[in-house]
Enquirer: 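Have a look at this one before I ask anything.
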There are 6 protein chains.
Amino acid sequence: MSTPEVEIVHREEFAAAHRLHNPALSDDENRRIYGICNNERGHGHNYVVDVVVRGPVDPRTGMVMNLVDLAGFVREEIVQPCDHKHLNHDVAFLEGRITTAENLAVAFWERVEPRIAEIGTCRLHRIRVYESRTNFVDYLGPRP
Amino acid sequence: MSTPEVEIVHREEFAAAHRLHNPALSDDENRRIYGICNNERGHGHNYVVDVVVRGPVDPRTGMVMNLVDLAGFVREEIVQPCDHKHLNHDVAFLEGRITTAENLAVAFWERVEPRIAEIGTCRLHRIRVYESRTNFVDYLGPRP
Amino acid sequence: MSTPEVEIVHREEFAAAHRLHNPALSDDENRRIYGICNNERGHGHNYVVDVVVRGPVDPRTGMVMNLVDLAGFVREEIVQPCDHKHLNHDVAFLEGRITTAENLAVAFWERVEPRIAEIGTCRLHRIRVYESRTNFVDYLGPRP
Amino acid sequence: MSTPEVEIVHREEFAAAHRLHNPALSDDENRRIYGICNNERGHGHNYVVDVVVRGPVDPRTGMVMNLVDLAGFVREEIVQPCDHKHLNHDVAFLEGRITTAENLAVAFWERVEPRIAEIGTCRLHRIRVYESRTNFVDYLGPRP
Amino acid sequence: MSTPEVEIVHREEFAAAHRLHNPALSDDENRRIYGICNNERGHGHNYVVDVVVRGPVDPRTGMVMNLVDLAGFVREEIVQPCDHKHLNHDVAFLEGRITTAENLAVAFWERVEPRIAEIGTCRLHRIRVYESRTNFVDYLGPRP
Amino acid sequence: MSTPEVEIVHREEFAAAHRLHNPALSDDENRRIYGICNNERGHGHNYVVDVVVRGPVDPRTGMVMNLVDLAGFVREEIVQPCDHKHLNHDVAFLEGRITTAENLAVAFWERVEPRIAEIGTCRLHRIRVYESRTNFVDYLGPRP
């Protein structure tokens with residue numbers, strides 16, 4: 001029998017301000033598209049991020065990958081640069097991106113994916129970003 | 001590089017009464033199949049509904065679709081007709097359906113899907129209905 | 001040193017239908033006071049009940065009272081008569097009461113209090129009833 | 001027998017940015033006291049507010065006060081001025097206050113208390129403000 | 001039109017102790033791999049298990065399978081053998097397995113899958129095991 | 001006007017094994033009192049602890065006490081000694097105590113209270129210990 005594949009999920013949280021605004025558009029258009037999320041001084045969220053890694057269970061450890069390593073990657077690549085920051089101004093890897101949950105999920109994927117790929121035995125499978133209790137997004141990567 | 005595809009989820013809640021009962025079956029058979037859920041006067045739940053829409057992220061807005069529009073569709077098509085109602089008696093689009101969570105998910109899909117399809121750039125991907133903290137269902141649509 | 005006093009809390013859940021309606025008032029007045037909660041066929045909730053008992057910690061057991069007994073009382077006095085029922089029609093001890101969360105809390109107190117009093121070493125301290133995630137009530141008993 | 005007193009709780013949520021900063025102190029002192037919460041561009045939260053009202057249960061309605069009215073007060077006095085805003089810059093009634101959860105709770109009390117007092121039969125009992133899942137505060141009013 | 005396929009999910013909880021330890025490895029290696037999870041006397045969790053069954057909705061009942069049966073299977077096969085036990089010592093079907101969440105999910109699949117298969121009209125689709133609020137795993141079965 | 005008094009709450013979590021057992025009693029008596037919680041090899045929980053501090057809001061900082069300090073005290077006095085441990089065997093300050101939630105709350109009070117008292121301007125007001133989603137206790141200290 002082949003080794004079973006399992007998905008493991010680690011969740012982290014951070015608090016940040018952001019503003020939905022596309023500088024390439026007029027102020028009127030920004031207000032029309034983003035409504036109250038376009039408020040000039042910004043607003044904020046307690047973001048929750050679920051990072052999902054998929055791979056075979058190593059029979060020697062019973063693990064897909066070491067959870068301590070996974071938690072470390074997520075804290076280094078996502079929480080430390082974003083926690084208690086303004087996502088539009090303070091986070092280098094978000095420069096030039098509109099800070100929607102959709103774009104955050106894609107940016108977080110780009111940050112975490114190489115750290116998982118390096119392990120060689122498993123792969124990043126999904127990034128979920130909760131902006132609030134009622135709104136969240138899932139990104140499954142740049143699949144064909 | 002192609003535009004990434006993301007799933008966005010919006011959650012709404014409503015409170016409703018219902019009763020599991022198939023009028024085509026005998027009372028005994030109804031009691032045997034549905035147990036306490038067949039109680040004649042009904043019981044009720046705080047239903048939670050997650051509507052999942054999938055599509056490419058529009059580079060101009062950073063969004064799969066406008067979240068305000070999505071919230072509006074879910075409130076118009078699901079919450080307003082069902083909130084503080086008896087699902088067996090007060091909701092036109094549930095007439096003739098046994099009000100299990102399975103059937104609610106399918107009925108909600110039929111209500112919301114045309115509103116999403118009209119946008120043209122994304123599609124309804126999943127409807128999740130929580131009947132309680134411990135019981136919920138997922139419908140992924142009439143896929144081949 | 002005297003024995004410390006501690007409050008222990010046990011939580012249970014049940015699903016029920018109800019309707020806010022005072023038969024002593026006109027239909028118009030009922031609609032004006034209760035709004036959508038007056039819907040004739042009723043609506044429903046997943047109710048959550050927290051029962052709080054206060055007393056000294058027995059040094060022999062390390063407990064205020066046996067949690068298995070407390071859980072048993074709450075199930076017998078509240079969950080079994082109310083679960084998967086219509087609170088206005090199916091529950092004898094609610095007859096003649098308007099089924100607001102306030103009245104439920106008082107009625108549940110009357111049911112559970114004698115069971116706790118019988119133990120002799122602790123007392124019922126509080127009943128909390130959650131009607132939904134956003135609305136709940138606390139009753140601390142008929143104190144002077 | 002006298003009418004029982006009950007506490008009713010209504011919960012609302014809003015998303016806002018803020019920054020902990022006392023302009024009367026030096027930048028160094030601000031950084032020392034507030035740490036990452038002093039980040040110049042601010043950060044943000046999904047705030048949750050519980051408003052607790054205490055009073056006798058009206059035997060005619062079974063309610064301490066009408067929940068629709070309570071929800072309306074909380075939305076008008078707290079959610080509408082604060083939602084999707086920067087609390088340090090966009091909210092008139094917070095001008096001149098350091099935007100800690102403690103000060104928010106006191107400010108929200110001052111906003112909501114007169115609306116409850118006007119009813120005449122019940123009183124504001126407690127304001128709880130959750131800044132995050134792990135940090136929250138309770139204000140019980142200016143009691144002697 | 002064909003019958004729609006729906007996934008139904010039932011959630012159960014249990015409290016158990018465990019220790020991450022591979023007896024085939026040295027003590028040093030165990031400590032290096034499992035860190036604090038290797039503590040000799042063990043630690044513990046409130047485990048949450050979601051069992052997902054997928055199949056067509058029976059038009060006669062409106063159900064994929066009877067939820068009472070599903071709850072019964074999960075309690076018999078998972079909760080009763082594991083609740084208030086030490087997973088490394090007290091659970092026969094876990095003997096010889098390292099008690100990671102990954103291995104628990106696979107073991108729970110093997111227990112529940114034959115009970116679902118016996119029904120003949122639906123199939124086990126996924127087992128999710130939450131070890132804590134921040135760490136959980138998903139097993140989708142031994143698929144090709 | 002006097003400075004308002006506010007309660008601030010900080011929440012932490014830890015995972016631990018324990019066993020309810022009083023060595024001064026016979027095995028039969030232990031089984032009768034504690035039931036499945038007396039299982040010889042122990043079981044476990046994801047414990048949640050809320051530490052509540054009460055005091056006036058310092059007008060210079062807008063805080064009852066610095067939240068970073070409070071979090072530090074709770075981690076040093078409770079989380080570090082208890083996390084991923086067996087509470088009956090591995091925690092010095094619990095030696096000789098039956099590890100019920102009641103006794104944990106009292107023991108945690110004794111650990112954290114001197115750290116708060118040292119500040120001089122506020123006081124420990126309450127310790128809440130959640131053993132599970134449905135069972136928790138509150139200790140308000142050795143008040144007269």
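Excluded from the calculations below are hydrogen atoms, water molecules and symmetry mates; all remaining heavy atoms, backbone and side chain alike, are included. All values derive from a computational prediction rather than experimental measurement. Convention: sequence-line order gives letters A, B, ...; per-chain numbering from 1.
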Enquirer: Is chain B contacted by the side chain of C/Ala16, its backbone, both, or neither, given a heavy-atom distance below 4.5 Å?
Expert: backbone
Enquirer: Between CG of B/Asn46 and CD of C/Glu131, what distance do you get to the nearest 0.5 Å?
Expert: 8.0 Å
Enquirer: At a heavy-atom distance under 4.5 Å, which candidate from B/Ser132, B/Cys82, B/Gly35 has the highest pair count against chain C?
Expert: B/Ser132
Enquirer: Looking at C/Arg19, C/Glu40, C/Lys85, which has the largest count of heavy-atom pairs under 4.5 Å with chain B?
Expert: C/Lys85
Enquirer: Between C/Gly44 and B/Ala15, what is the shortest heavy-atom contact and its length?
Expert: O-CB, 3.2 Å
Enquirer: Is a side-chain donor-acceptor pair under 3.5 Å present for B/His84 with C/Asn39?
Expert: no
Enquirer: Can you tell me if CZ on C/Arg41 sees more than 12 non-hydrogen neighbours from other groups inside 6.0 Å?
Expert: no
Enquirer: Check whether C/His89 gets within reach of chain B through its side chain, its backbone, both or neither, counting any heavy atom under 4.5 Å.
Expert: side chain
Enquirer: Measure the CD-CZ distance between B/Glu13 and C/Arg133 for me, rounded to the nearest 0.5 Å.
Expert: 4.0 Å
